[in-house]
Structure formats: structure tokens, C-alpha cells
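A quick write-up on the structure given underneath.
Numbers here simply count residues along the sequence, with the first being 1. Reckoned from all heavy atoms, side chains included, excluding hydrogens, waters and symmetry mates.
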Amino acid sequence: QVQLVESGGDSVQAGGSLKLSCVGSGYTSDSYCMAWFRETPGKEREAVANVCTGGGPAVYSESVKGRFTLSLAATKNTLTLQMDRLKPDDTAMYYCAARMTWLPLSRLRARESFSIWGQGTQVTVSL
């Protein structure tokens, strides 16, 4: 059974940085994709960034592009999200997600493309 465990969420001031980590276990494939999503009360869960094994580039949402950096250590099944220049609008519960097959990057922004989820880690950014 594939499991994801997130860590790294915290409370920081605007302009600060955080690093989220997601460690996967029980993977059934070397060809997989992982992603970070985030959710705030009353809003839909939105894609933040995603990447697949195979050497392709990470893809970011417009709201985080240039501030967040996604890294995948495939040999360790570990996905990290370095978040810099944080803004209050980044406040959310952040979820790690995975799927054990590749998909076109255009489809990885959809929550429905992922069936494996972590429990979430809270990020709070204050002024």
C-alpha cells in the first residue's frame, strides 16, 4: 500500500521561507508523478506544483512560480517544496499527492488525477 507522509508546515511571517517534505513508501512503479496541492476553507483544492519521474521539468501554478521550487529525489521517493518569499495568500493546508503511472503534464493539475494523498501539513503566513 502506497503511503505519503508530509512534514514541514509551520507559521511564518510574510517574506519568510519554509520547506515541505513528502516521503512516500510502498511504491509500485518507477514511473510515477507527485504533486503538492493546497486547500483553504471554502475553496477548492488547487494544484501548486507537480513533477514526474523520467527527467521532465516541474510545473508550477502561476501564483507560486518564481517563489517555490519543487524537487524530486526519485531514489528516495521524496518530494520537497521549497517555499520562499511567502505571502499571506499562501496560507493553506498543503497536501502531497502521488500516482503510480505517468500522465501528460496538462492533466496533473486536476485533483482527480491523483488517488494517493497524504494527511496534509498546515502553512500559515502572517503579516
Side-chain angles (χ1 to χ4, degrees):
Q1 181 180 359
V2 179
Q3 291 185 322
L4 303 174
V5 178
E6 303 111 325
S7 62
D10 206 342
S11 297
V12 296
Q13 288 191 320
S17 298
L18 281 175
K19 185 175 183 179
L20 305 184
S21 294
C22 174
V23 180
S25 61
Y27 279 28
T28 57
S29 171
D30 292 331
S31 303
Y32 60 86
C33 300
M34 295 183 73
W36 285 99
F37 284 73
R38 65 187 182 186
E39 185 174 331
T40 54
K43 293 186 178 180
E44 297 229 349
R45 191 171 295 188
E46 64 169 352
V48 175
N50 58 68
V51 69
C52 299
T53 57
V59 177
Y60 301 89
S61 68
E62 286 299 319
S63 61
V64 307
K65 195 176 293 183
R67 300 187 297 120
F68 290 11
T69 304
L70 189 67
S71 300
L72 175 62
T75 56
K76 299 180 181 179
N77 296 338
T78 300
L79 185 71
T80 59
L81 184 68
Q82 177 66 43
M83 305 187 296
D84 298 317
R85 291 183 282 143
L86 283 161
K87 305 175 181 179
D89 284 349
D90 295 318
T91 295
M93 183 70 80
Y94 283 70
Y95 294 92
C96 179
R99 59 172 293 119
M100 295 295 108
T101 56
W102 286 339
L103 266 186
L105 292 178
S106 60
R107 294 181 58 187
L108 291 177
R109 297 182 55 81
R111 176 179 182 174
E112 295 72 26
S113 295
F114 294 89
S115 59
I116 304 162
W117 293 88
Q119 80 287 355
T121 186
Q122 178 68 37
V123 172
T124 303
V125 184
S126 58
L127 288 171

Working to the nearest 0.5 Å, report the span between [atom1] of [X] and [atom2] of [Y].
X      : Y     : atom1 : atom2 : value
Thr80  : Leu70 : OG1   : CG    : 6.5 Å
Ser25  : Gln1  : OG    : CD    : 8.5 Å
Thr121 : Glu6  : OG1   : CD    : 7.0 Å
Leu18  : Met83 : CG    : CE    : 4.5 Å

### disulfide (SG to SG under 2.5 Å) partners of residues 97-127, not counting sequence neighbours, each pair once
none
### Query
With sequence neighbours left out, which residue pairs that include part of residues 84-127 fulfil the disulfide (SG to SG under 2.5 Å) condition?
Cys22-Cys96
[X]: what forms a side-chain contact (heavy atoms from CB on, under 4.5 Å) with it, not counting sequence neighbours?
X     : answer
Pro41 : none
Ala97 : Phe37, Phe114, Trp117
Thr91 : Gln122, Thr124, Val125
Cys52 : Cys33, Trp102, Leu108

### Query
Is there a donor-acceptor contact under 3.5 Å from the side chain of Thr53 to the main chain of Tyr32?
yes
### Task
Output yes when a side-chain donor or acceptor of Ser113 lies under 3.5 Å from a complementary backbone atom of Arg107, and no otherwise.
yes
### Query
Is there any side-chain hydrogen bond (donor to acceptor under 3.5 Å, both in side chains) pair reaching into residues 38-51, and which pairs are they, with sequence neighbours excluded?
Arg38-Glu46, Arg38-Ser63, Arg38-Asp90, Arg38-Tyr94, Glu39-Arg45
### Message
Going by side-chain hydrogen bond (donor to acceptor under 3.5 Å, both in side chains), name the pairs with one or both residues in residues 9-24, residues two or more places apart or in two chains.
### Response
Ser17-Asp84
### Message
Show me the pairs that pass salt bridge (Lys or Arg N to Asp or Glu O under 4.0 Å) and involve residues 116-127, at least two apart or across chains.
### Response
none
### Residues forming a ring-ring contact (aromatic ring centres under 6.0 Å, His included) with Tyr95, sequence neighbours excluded
none
### Linked hydrophobic residues, Val5 as query - side chain contacts closer than 4.5 Å
none
### Query
Going by the ring-ring contact (aromatic ring centres under 6.0 Å, His included) test, which pairs reach into residues 43-73, not counting sequence neighbours?
none
